[in-house]
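Structure first, then comments.
In this chain, residues are counted from 1 in sequence order.
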Amino acid sequence: QVELVESGGGLVQAGGSLRLSCAASGRISSIYSMGWFRQAPGKEREFVGAVAWNGGHTHRADSVKDRPFRISRDNVKNIMYLQLNDLKPEDTAVYYCATKTKAYSDTFFYEDPFDYWGQGTQVTVSF
């Protein structure tokens, strides 16, 4: 199993920035990729982006492709990051990280299924 703990969320004004972190522990060797998701109040959970664990390739969802967001990972520290710049109120959501294990490496690293999930960290963007 893989345990994930998100951190870095908070309250920020529109135009501000946050850097979210997702610390992984457990069977790190089983990780194929890690992804970020978010869920706004009353909305369905949506995919934000993902990073391949070994190669570091990244992929962003079409919904955020024009946003100054950056996904990265440090597989020495076992941490995935989501740099959120120029935040907007509509970015307000609980942000979750998840892992996709190597058992599902026959699909793209940014595609479902993702096996393990963190508790989430709240991002609130005010006007």
Side-chain angles (χ1 to χ4, degrees):
Q1 65 178 31
V2 179
E3 293 186 8
L4 303 170
V5 180
E6 301 96 334
S7 62
L11 175 64
V12 64
Q13 291 184 325
S17 300
L18 288 171
R19 187 170 86 155
L20 309 184
S21 298
C22 175
S25 61
R27 292 182 58 84
I28 303 299
S29 61
S30 70
I31 298 176
Y32 174 48
S33 65
M34 299 182 69
W36 285 102
F37 300 78
R38 65 184 181 182
Q39 186 168 22
K43 302 290 182 63
E44 296 292 327
R45 185 178 64 202
E46 67 171 335
F47 174 71
V48 177
V51 58
W53 193 244
N54 288 333
H57 315 289
T58 59
H59 177 82
R60 292 187 295 175
D62 289 342
S63 61
V64 299
K65 64 181 180 181
D66 296 325
R67 305 294 304 281
F69 298 168
R70 192 175 84 88
I71 297 170
S72 62
R73 64 90 178 89
D74 183 336
N75 56 6
V76 174
K77 298 180 179 180
N78 298 325
I79 299 175
M80 176 181 64
Y81 302 98
L82 177 61
Q83 180 67 44
L84 301 167
N85 296 322
D86 194 25
L87 284 162
K88 300 178 179 180
E90 53 262 42
D91 295 318
T92 295
V94 177
Y95 284 70
Y96 299 92
C97 66
T99 61
K100 181 176 181 177
T101 59
K102 293 179 179 178
Y104 303 105
S105 60
D106 57 335
T107 57
F108 290 120
F109 69 89
Y110 51 86
E111 292 182 332
D112 287 333
F114 285 83
D115 306 288
Y116 300 98
W117 295 80
Q119 299 286 354
T121 185
Q122 177 71 47
V123 171
T124 303
V125 185
S126 64
F127 289 96

Are [X] and [Y] packed together at the side-chain level, in the sense that at least one heavy-atom pair is separated by less than 4.5 angstrom?
X: Arg27; Y: Gln1; result: no
X: Thr101; Y: Tyr116; result: yes
X: Tyr96; Y: Glu6; result: yes
X: Leu84; Y: Asp91; result: no

Should we say atom [atom1] of [X] is surrounded by more than 12 heavy atoms from elsewhere, each under 6.0 Å from it?
X: Glu90; atom1: CD; result: yes
X: Gln122; atom1: CD; result: yes
X: Arg70; atom1: CZ; result: no

Work out which heavy atom in [X] is nearest to a heavy atom in [Y]; give both atom names and the distance.
X: Asp112; Y: Thr107; answer: O-OG1, 3.8 Å
X: Ala40; Y: Ala93; answer: N-CB, 3.7 Å
X: Ala24; Y: Leu4; answer: CB-CD2, 3.7 Å
X: Pro89; Y: Ala14; answer: CD-CB, 4.1 Å

Members sharing Ile79's hydrophobic cluster (side chains within less than 4.5 Å) | Tyr81
Can you get from [X] to [Y] by hopping between Ile, Leu, Val, Met, Phe, Trp and Tyr side chains that sit under 4.5 Å apart?
X: Met80; Y: Val5; result: no
X: Tyr32; Y: Phe114; result: yes
X: Phe108; Y: Ile31; result: no
X: Leu20; Y: Val12; result: yes

Drop me the distance from [X]'s [atom1] to [Y]'s [atom2], to the nearest 0.5 angstrom.
X: Met34; Y: Asn78; atom1: CE; atom2: CG; value: 8.5 Å
X: Lys102; Y: Ser29; atom1: NZ; atom2: OG; value: 6.0 Å
X: Arg73; Y: Cys97; atom1: CZ; atom2: SG; value: 15.0 Å
X: Gln39; Y: Thr92; atom1: CD; atom2: OG1; value: 13.5 Å
X: Asp115; Y: Lys100; atom1: CG; atom2: NZ; value: 9.0 Å

Are any side-chain N or O atoms of [X] and backbone N or O atoms of [Y], one a donor and one an acceptor, separated by less than 3.5 Å?
X: Arg67; Y: Asp86; value: yes
X: Arg60; Y: Gly49; value: no
X: Thr58; Y: Val51; value: no

Distance-only side-chain donor-acceptor flag, Asn85 / Ser17, under 3.5 Å =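 Yes - a donor-acceptor pair under 3.5 Å links their side chains.
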Can you list every pair that meets ring-ring contact (aromatic ring centres under 6.0 Å, His included) and has a residue in residues 44-75, with sequence neighbours left out?
->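 Every pair satisfying ring-ring contact (aromatic ring centres under 6.0 Å, His included) with a residue in residues 44-75: Phe37-Phe47, His59-Tyr110.
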